[in-house]
Amino acid sequence: MPFITNTTGKESVDIFYEDHGEGQPVILIHGWPLSSKSWEQQVWKIVESGYRCITYDRRGFGISSVSWDGYDYSSLASDLHTIIEGLKLEDAIIVGFSMGGGEVVRYLTDYGSNKISKAALISSIIPLVKEKDDNPDGVPETALDDIKNALQSDRVGFLKDFHRGFYNYDSNKDKVSQAQLDYDFIIASHASPRATIQTALAWMHTDFREELKNIDLPTLIVHGDADETVPIATSAEQAAKGIRDNTYKIIKGAPHGLNITHAEELNELLIDFISK
């Protein structure tokens, strides 16, 4: 199985990746608390549309190796950088889902855009999740503390029900199966407990608002207006105001996990953006 080793931090980590297709590279960065398997409905479409599609497991998730520390966004962006350098990619398009939007922005902050042509933020946490005086639509810190405490006391119990809200399951039973919920639970429950908690703290508390100016390339922003996990007002709406060259698309009625529930609409938006 293909792995690339990142040796830049205190601990080296082996990052698992898959590389399919030919043409301009498109890198898909998964959300929390899943793995690269969550992109199943996008990979085939990208490859069949004539592009090279690369997915990878965030450190501590999927079958990438586990470090004790290194779950801040600069460390995570260094893993993306290792993929880009190791595969000698040029003119790449980087696509971040949910938490993965943070890697997109931090990569551009830390490494610049000389190897990147476009970016996409899908159901992204960018720019700030947490409620603050100047971010009143954010998630209250007490709610974030509840998530952290639940992960620490009964991680698998929390994860068992998490994806019902991820997909607005009660309203979307015609679009997402119980088997999909079970599959997500299996993936999430097998992730490192340490990585699950530490990456949650990263997406909860990292403020990317000042870094939006570092996104100096065409950027697609896609969000569902029924997203109950990452409210659109504190994420996509702010990102669209702060990123200079953006295409902002709202999928009506879509939840956070729109890559599953609204895969066809998302795929059309992605391919249209990539091909221009």
Side-chain angles (χ1 to χ4, degrees), residues 1-9 11-47 51-67 69-108 110-111 113 115-126 183-184 186-188 190-192 194-196 198-200 202-203 257 259-260 266 270 274:
M1 289 184 290
F3 289 86
I4 287 182
T5 302
N6 183 354
T7 60
T8 60
E11 304 172 73
S12 65
V13 291
D14 297 323
I15 303 299
F16 171 77
Y17 71 95
E18 293 189 28
D19 186 353
H20 302 290
E22 298 178 351
Q24 186 177 13
V26 180
I27 307 172
L28 304 180
I29 309 163
H30 68 83
W32 181 94
L34 296 171
S35 75
S36 58
K37 291 184 181 297
S38 62
W39 288 112
E40 178 177 343
Q41 293 300 322
Q42 283 67 55
V43 171
W44 69 268
K45 181 66 174 180
I46 291 169
V47 172
Y51 298 91
R52 179 181 178 186
C53 187
I54 298 158
T55 59
Y56 69 95
D57 291 342
R58 184 178 288 111
R59 62 171 68 191
F61 295 83
I63 57 175
S64 288
S65 65
V66 179
S67 58
D69 293 311
Y71 296 103
D72 61 285
Y73 267 107
S74 284
S75 295
L76 299 176
S78 76
D79 294 336
L80 173 58
H81 179 66
T82 298
I83 293 284
I84 291 170
E85 290 293 314
L87 297 180
K88 297 180 172 57
L89 303 180
E90 301 285 347
D91 197 31
I93 299 166
I94 49 177
V95 181
F97 177 85
S98 191
M99 178 185 180
E103 274 112 322
V104 170
V105 177
R106 186 57 56 85
Y107 176 88
L108 294 171
D110 290 353
Y111 300 101
S113 58
K115 294 182 181 295
I116 311 300
S117 64
K118 294 179 181 180
L121 304 173
I122 312 300
S123 296
S124 172
I125 55 98
I126 296 301
Y183 183 56
D184 287 358
I186 291 168
I187 295 170
H190 279 82
S192 157
R194 172 75 174 177
T196 301
Q198 294 303 115
T199 52
W203 61 253
N259 58 311
I260 298 295
L266 173 60
L270 272 175
I274 289 169

Looking only at heavy atoms, the pair that brings Ile126 and Val105 closest together is CD1-CG2, 3.7 Å

Shortest non-hydrogen pair, Thr82 vs Ile4, comes out as CG2-CG2, 3.0 Å

So OG of Ser36 and CZ of Phe16: to nearest 0.5 Å the spacing works out to 6.0 Å

query: Would you say the side-chain atoms of Ser74 and Arg106 include a donor-acceptor pair closer than 3.5 Å?
result: yes

- Task: Using atom types as modelled and distance alone, determine if a side-chain donor or acceptor of Ser64 lies under 3.5 Å from a backbone N or O of Arg59.
- Result: no

Between the OH atom in Tyr17 and the CD1 atom in Ile63, the distance rounded to the nearest 0.5 Å is 12.0 Å

Query raised in the report: Can a salt bridge be assigned to the pair Asp69 and Arg194 using a cut-off of 4.0 Å between side-chain N and carboxylate O?
Result: yes

* Asked: Does a side chain donor of either Trp39 or Thr55 reach within less than 3.5 Å of an acceptor in the other side chain?
  -> no

dist Tyr56:OH -> Asp79:CG (nearest 0.5 Å) comes out at 6.5 Å

In short, Trp203 meets Met99 closest at the heavy-atom pair CD1-SD, 3.8 Å

Salt-bridge present (Lys115, Asp91; N to O < 4.0 Å):
no

Rounded to the nearest 0.5 angstrom, the CD1-OG distance for Ile260 and Ser38 is 7.5 Å

Between Ala92 and Ile27, the two heavy atoms sitting closest are CB-CD1, 4.3 Å

Notebook entry, point to check: Which of parallel (below 30°), tilted (30 to 60°) and perpendicular (above 60°) describes His81 and Tyr111?
Noted result: parallel

Taken to the nearest 0.5 Å, the spacing of Leu34 CG from Ile186 CD1 works out to 12.0 Å

Closest non-hydrogen contact found for Gly101 with Leu121 is CA-CD2, 3.8 Å

Distance-only donor-acceptor check, side chains Asp72 and Ser75, under 3.5 Å
yes

Checklist entry - Any side-chain heavy atom of Glu18 within less than 4.5 Å of one from Ile54? => result no

Review point. Do side-chain atoms of Trp32 reach the backbone of Thr196 as a donor and acceptor pair under 3.5 angstrom?
Key: yes

Nearest heavy-atom contact between Ile274 and Lys118 is O-NZ, 3.3 Å

